[in-house]
There are 2 protein chains.
Amino acid sequence: MKKRLTISDIARLAGVGTTTVSRVLNQDPKVKPETRHKIEQIIVEAGYAPSPSARAMRTQRQQVVGVIVSRLDSASEHQAVRGILQLLEQGGYEVLLMESGFSSNKVAEHLNWLRLRQADGAILFAFTGLELDGQADWQDKLVVMARRYPGFSSVCYDDKGAIALMLEHLWRQGVHRPAYVGVELRDSTTGQQRLEAYLAFCRERGISPHYRLGGLSHQAGMEAAHLLLTEQVDTDALVCASDTLALGAAKHLQQSGKTLTLTGIGNNELLRFLFPNVASVDLGYQQAGIAAARQLLAQIEQRQGIAELAMPCRLVSAD
Amino acid sequence: MKKRLTISDIARLAGVGTTTVSRVLNQDPKVKPETRHKIEQIIVEAGYAPSPSARAMRTQRQQVVGVIVSRLDSASEHQAVRGILQLLEQGGYEVLLMESGFSSNKVAEHLNWLRLRQADGAILFAFTGLELDGQADWQDKLVVMARRYPGFSSVCYDDKGAIALMLEHLWRQGVHRPAYVGVELRDSTTGQQRLEAYLAFCRERGISPHYRLGGLSHQAGMEAAHLLLTEQVDTDALVCASDTLALGAAKHLQQSGKTLTLTGIGNNELLRFLFPNVASVDLGYQQAGIAAARQLLAQIEQRQGIAELAMPCRLVSAD
DNA sequence: TTGAAAGCGCTAACAA
DNA sequence: TTGTTAGCGCTTTCAA
């Protein structure tokens, strides 16, 4: 059991004071280049790394941020998390991932825990019904993902743009009577925003809307597709508010033997594999993660105030 | 900006020394119940929480463990991670999740990072080609998941048992000529073990084996199914080594219009939704996570040496 | 450009 | 049963 090296071991080996070593560690310019090189070399040779807890204790900065996702295995959140981890880790931060399971209570729990833990900041993936009351002390060190939340920074996807993009695309392909599979309006982004975009498009082109709203599950997509297609309305495409819904709708189409243009949103890998001709829209999840992390760091380091960011989207289609 | 409370604030408020407060914090029995209650009350009222870094610094125990998964969005790993998080967090540990992306280099990187970070232990999800050379110093604080690894503790799934269970089940249903979709033998568990179980079953029942090995992707499952079913062999079921493969095989069956009994392993949610009549085997992921966490804690706290654990499995079928 | 020394908040000898 | 005190490894005045 070899004892861990400390800063004073390095100082002794280099024949300098601990202060100087500390200066090198912290990129303080007030060190003679000669001395710096020597110390750097010794640090590398000895494989020394400063103790994070000692440092945290002294500076009162933990270099820790929490990331609260709704589900770790959600494909979309996962993409964003990738971006977040990348940026934050290279910024020297430790990232604590936690799951909310779509529960405001869980979120509050996690946030409280992070507060006790003295975390420097957090990124929170929003969901329907998210409540951030009594979390005012987080306002300048919290970034909300996927929807705007007054008083906090946020990074949003282009919900309306995505639907518009898809509808335009279909229109050019000759689809003139698209039906829409959406999500309950309690959900302000995937629900409201996307429906609104569908309705706006219908109005603009003078076509009559035909849609169903429901949950955000495969099951819901399947049911909505079933209902839309049994109603005697002339429909030449099923535009879904998300790839999850599209997967459910695809199942319905398949088992009922119907063939119809189907589209989703989210650029989900599995959907693309199982049903390659279902077009989708990439909402820029990874970029959103990176943007959120960047924004959080800027706020933590007091270089910037609260901001509301929006990500661009991009069509993904087999043809 | 209210200053954070320290242990001496609490001591002063309670009219005792810091040691006594510390004793209460650490469940030391040598405190008069009266004093204890009073202090506990004050701690709660004041909303005080001890500084983790000060504590870590003093005790040289960080209360941090790393968990290295291959993919955060893998359904099976995610289930195990759930169990791990539950146990470890309630044990007062901080959990750092990291992704290996099936790369030994990434694993080494993460492990090195955890070493520098002075993490108390780690749980590592194994994959084909995993190399743990030069990580001997982890041997008593690392638990390997999903396969055995000499010199380390491990928690395994019952690969052979799962296949045997499924084949027995099918046999009773009258399936007597099952073909097998497997994984390359480089993979010792999902690959070798499961194939071996299939072969053993065939030998035992006097049927001639018929199988294909390939990657572990949807694509691979689809291709293997295609190949197996174009060869002119009499086959009445496709037994897949994993649900991912089964999903791919299901796609092939569907698009080629064939109907055949199909089974997987892993109890994957999406597979069950899309193809409810595909039977599967639950390998006990969540329980495995819990077992791994429990084992790791025992080792960290020196209550136990290295051990090799195995999880039981369970059939999941629509009928 | 450098170093000595104080102290961040906590726990563990040791004393009482 | 309780308190005093000495650090844990680092950064940061302050002085040289």
Side-chain angles (χ1 to χ4, degrees), chain A residues 1-40 42-43 46-64 92 94 115-120 301, chain B residues 1-40 42-43 46-64 92 94 115-120 301:
Chain A
M1 185 61 185
K2 206 171 44 190
K3 248 188 86 65
R4 242 187 110 83
L5 293 170
T6 75
I7 198 172
S8 47
D9 292 322
I10 302 300
R12 189 159 11 82
L13 286 173
V16 299
T18 60
T19 316
T20 309
V21 179
S22 174
R23 285 196 180 104
V24 170
L25 253 22
N26 295 286
Q27 334 265 30
D28 186 322
K30 295 180 159 326
V31 180
K32 192 159 56 171
E34 236 174 279
T35 331
R36 173 183 303 277
H37 293 319
K38 186 161 127 206
I39 296 178
E40 278 169 347
I42 294 185
I43 287 180
Y48 163 78
S51 146
S53 26
R55 190 175 236 165
M57 183 162 166
R58 180 62 237 231
T59 60
Q60 306 285 29
R61 296 168 77 255
Q62 311 291 322
Q63 301 276 92
V64 165
E94 205 156 278
R115 199 193 332 265
L116 289 182
R117 176 66 185 76
Q118 298 170 251
D120 303 303
E301 289 158 13
Chain B
M1 184 60 185
K2 205 172 44 189
K3 246 187 90 64
R4 243 187 110 80
L5 292 170
T6 75
I7 198 173
S8 49
D9 292 321
I10 302 300
R12 189 160 9 81
L13 287 173
V16 299
T18 60
T19 314
T20 309
V21 179
S22 173
R23 286 197 180 103
V24 170
L25 253 23
N26 295 286
Q27 334 264 34
D28 185 324
K30 299 180 157 320
V31 180
K32 191 160 55 172
E34 236 175 277
T35 331
R36 174 184 303 277
H37 292 319
K38 185 161 128 205
I39 295 179
E40 277 168 348
I42 293 185
I43 287 179
Y48 162 79
S51 147
S53 26
R55 191 174 236 170
M57 184 163 166
R58 178 65 236 226
T59 60
Q60 305 287 26
R61 295 168 77 255
Q62 311 291 319
Q63 301 277 91
V64 165
E94 204 155 278
R115 200 192 332 263
L116 289 182
R117 177 67 187 73
Q118 299 170 251
D120 302 303
E301 290 158 14

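Predicted model only: the values in this text are computed from it and were never measured. Just so we're on the same page: letters track the sequence lines, and every chain starts at 1.
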Whole Å only: how far is the [atom1] atom of [X] from the [atom2] atom of [N]?
X	N	atom1	atom2	answer
A:Q62	C:dC8	CD	P	15 Å
A:L5	D:dC10	CG	P	9 Å
B:I10	C:dT11	CD1	P	13 Å
B:R117	D:dG9	CZ	P	15 Å
B:K38	D:dT2	NZ	C1'	13 Å
A:D9	D:dC10	CG	P	9 Å
B:D28	D:dT1	CG	P	10 Å
B:R61	C:dA12	CZ	P	10 Å

Pair A:E94, B:R117 - check side chain to side chain contact (heavy atoms under 4.5 Å, CB included), show working.
CA-CA 10 Å; A:E94 205 156 278; B:R117 177 67 187 73; 2.4 Å; yes

From [options], pick the nucleotide closest to the side chain of [X]?
X	options	value
A:A54	C:dC10, D:dC10, D:dC14	D:dC10
B:V31	C:dA5, D:dT2, D:dG3	D:dT2
A:T35	D:dC10, C:dT1, C:dG3	C:dT1
A:R23	D:dC10, D:dG9, C:dT2	C:dT2
A:T19	C:dA4, D:dT2, C:dG9	C:dA4
B:T20	D:dG3, D:dT5, D:dC10	D:dG3
B:R55	D:dC10, C:dT2, C:dC10	C:dC10
A:T59	D:dG9, D:dT11, D:dG3	D:dT11
A:R58	D:dG3, D:dC8, D:dT11	D:dT11

Could you tell me whether B:K32 contacts a base, only the sugar-phosphate backbone, or nothing, with contacts defined as non-hydrogen atoms closer than 4.0 Å?
sugar-phosphate

Rounded to the nearest 0.5 Å, how far does OG1 of B:T20 lie from NZ of B:K32?
10.5 Å

B:I42 CD1 to B:Y48 OH distance, which is reported to the nearest 0.5 Å:
13.0 Å

Looking only at side-chain N and O atoms, does [X] come under 4.0 Å of OP1 or OP2 in [N]?
X	N	value
A:Q60	D:dT11	no
A:Y48	D:dG9	no
B:T6	C:dG9	no

Could you tell me if the side chain of B:T18 sits less than 4.5 Å from the side chain of B:T6, heavy atoms only?
no

Determine the sole option in B:T35, B:N26, B:V16 for which the side chain to side chain contact (heavy atoms under 4.5 Å, CB included) test with B:V21 is passed.
B:V16

Would you check, one step at a time, whether the test side chain to side chain contact (heavy atoms under 4.5 Å, CB included) holds for B:V24 with B:I10?
CA-CA 11 Å; B:V24 170; B:I10 302 300; over 6 Å; no

